Amino acid sequence: MAITPSDDELMAVIRSAIGQVAPEADPSRLAPDDDIVEMLELDSMDVLNVMTAIAEQTGLEVPERDYPETRTLRLFVAELGRLARG
Amino acid sequence: MGEFCMPTLGADMDAGTVTEWLVHPGDAVKRGDIVAVVETDKAELDVEVFESGVVTELLVPTGVRVAVGTPLARISVGVDAAVGAVPATGPPAVAAAPPPAPHPSTPTQPVHAPTLVQQPPVVGPLIRHLAETSHVDLATVPGTGQGGRVTRADVTAAAERAGRPRRRVTPRARRLARRLGVSLDDVHTSGAVTGTAVERLADTALSPEHRPRVDSRRAAIARLMSRSGREIPHYYVSTRIPLDTTLTHVAERNAALPISERILPAAALLRAVAQAATTVPELNGLWVDDAFQPSDGVHLGVAVSMRDGGLLTPTIAGADTLDLDALMAMLRDLVNRARSGRLRSKEMGGASMTVTNLGEQGVEAVFGVIVPPQVALVGFGRIHEEPWAEEGMVGVRQVVHASLAADHRATDGRIGARFLDALAGALQHPEDL
């Protein structure tokens with residue numbers, strides 16, 4: 001990605017990916033420091049689908065070992081930011 | 001002349017409701033085409049047609065619950081697929097409809113159909129359904145189709161003229177609305193109508209005494225599980241299986257691959273079950289007429305929990321013939337479609353053994369109830385670290401608790417123990433999975 005996306009843009013991408021996987025969940029209910037998996041009762045297939053949706057939109061592929069770094073929205077944005085900057 | 005009948009979409013299904021017709025009279029269909037969406041007590045499923053031909057008549061409108069085996073549509077087989085040829089050659093008097101009226105829903109139109117269809121056959125149920133959901137009065141829609149027939153495009157155009165574009169309604173929202181007795185018209189959202197919106201409306205609109213007490217999906221599970229409890233003398237065995245080797249193998253494999261090709265440990269567990277079922281075939285099959293019928297392959301029913309509660313168990317057919325990648329792809333596809341209400345009829349039923357994985361919900365172990373007429377169910381708990389004693393030393397390992405519920409009429413505990421042993425063994429050699 002030539003231009004590093006802003007945190008707001010990354011947040012929007014994450015929320016939209018979560019919205020696709022858990023359409024009945026209200027992503028606005030999710031606070032920046034909430035545990036995403038716990039709050040929305042996601043399973044490993046859901047997490048894989050979130051990661052896939054983000055990769056499709058941004059080309060950013062979160063390595064599996066970094067999944068713990070995506071526990072909350074705040075951490076997730078930081079992780080994607082790191083990946084985007086290379 | 002063939003008939004397309006209400007299929008049985010699971011051992012416990014005795015009736016179903018067409019919620020959507022995806023074809024209408026005159027449409028050419030070929031074997032395997034999805035022609036209708038059918039709702040059972042448990043789920044909405046895409047239903048395929050088993051012969052090729054031309055649909056001459058839809059016999060059951062949407063929303064009417066009919067027994068398994070009831071003819072739903074007539075299909076004329078071998079007729080030239082040209083749409084115009086159908087009314088002339090189709091044998092039933094019904095298909096050769098009276099001259100199409102410009103306003104097909106005018107009730108004075110004679111009704112010849114000896115069936116549940118109460119309106120002139122010139123307007124198919126699909127179009128009526130579309131008109132209903134788009135809030136369009138069919139009597140006011142000028143038809144541009146053959147003989148003045150109102151087409152899909154006519155209805156859509158009328159809806160747009162009226163400024164009420166057809167809203168997208170998620171399958172879950174449709175199910176919930178029906179179950180909770182909520183009209184989708186009353187749901188006000190800017191985008192698609194979701195299950196959450198329906199639930200919210202139901203919470204505010206319905207006082208507790210007006211809410212339907214019986215959840216049909218719950219009732220279907222209740223029937224099947226009661227039958228299992230009545231008929232099947234269960235026995236249980238369980239074991240702890242160290243998973244470090246398998247998890248390391250999966251992680252190393254995934255590290256080198258793009259997200260789309262990554263696999264989940266769940267796929268490795270399923271693959272190991274398929275191997276163990278091949279090694280111990282006494283557990284892989286059905287109990288029919290007081291005897292065990294071994295299955296010709298390993299067809300794994302996989303319990304998938306729905307986000308709004310409830311459970312579906314679509315089948316991975318021929319799991320013993322799939323490698324880990326293929327099995328993962330199949331699992332992913334099935335889980336995603338089960339959760340979005342888009343399973344196909346052939347994917348329900350036909351399982352020779354079932355696997356449930358409640359580990360995702362955090363429990364340490366699960367002891368399941370066998371799905372009749374199967375004779376075994378494998379349960380996996382959460383993958384977690386625990387102390388592990390081996391050769392006089394205590395270490396910490398990643399462990400999964402695996403259980404087997406089996407039908408004592410078909411096997412004894414010795415066979416069950418052999419199965420779990422084979423399962424544990426397979427998971428120590430992930431390179432062979």
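This is a predicted model, so every value here is computed, not measured. All chains are named by letter (A, B, ...) in the order of the sequence lines, taking the proteins before the strands, and each is independently numbered beginning at 1.
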Would you compute the distance between atom CD of E61(A) and atom OG of S260(B) and round it to the nearest 0.5 angstrom? 6.5 Å

Report the distance from atom CG of N254(B) to atom CD of E64(A), rounding to the nearest 0.5 Å. 4.0 Å

Can you tell me which portion of V37(A) sits under 4.5 Å from chain B's heavy atoms? Options are side chain, backbone, both or neither. neither

Atom pairs and distances, side-chain donor-acceptor, residues 75-86 of chain A, under 3.5 Å, sequence neighbours left out:
| from | atom 1 | to | atom 2 | distance (Å) |
| --- | --- | --- | --- | --- |
| E79(A) | OE1 | R82(A) | NH2 | 2.9 |

Please indicate whether R218(B) has more than 12 foreign heavy atoms, meaning atoms of other residues, nucleotides or ligands, lying under 6.0 Å from its CZ. no

Give a yes or no on this: more than 12 heavy atoms of other residues, nucleotides or ligands lie within 6.0 Å of atom CD of E261(B). yes

Kindly check if the number of other-residue, nucleotide or ligand heavy atoms within 6.0 Å of CZ (R337(B)) is above 12? yes

Test item: M45(A) and V304(B) side chains (from C-beta on) under 4.5 Å apart, heavy atoms: no

For E38(A), look at atom CD and say whether over 12 heavy atoms of other residues, nucleotides or ligands are found less than 6.0 Å away. no

A side-chain contact here means heavy atoms from C-beta on lying under 4.5 Å apart; do N49(A) and R332(B) qualify? yes

Quick one: which of S44(A), P63(A), P23(A), A55(A) has the most heavy-atom pairs under 4.5 Å with chain B, could you say? S44(A)

For the residue pair R339(B) and D43(A), what are the closest heavy atoms and their distance? NH2-OD2, 2.7 Å

Side chain, backbone, both or neither: which part of V47(A) has an atom under 4.5 Å from a heavy atom of chain B? neither

Does any heavy atom of chain A fall under 4.5 Å from the side chain of P265(B), the backbone, both, or neither of them? neither

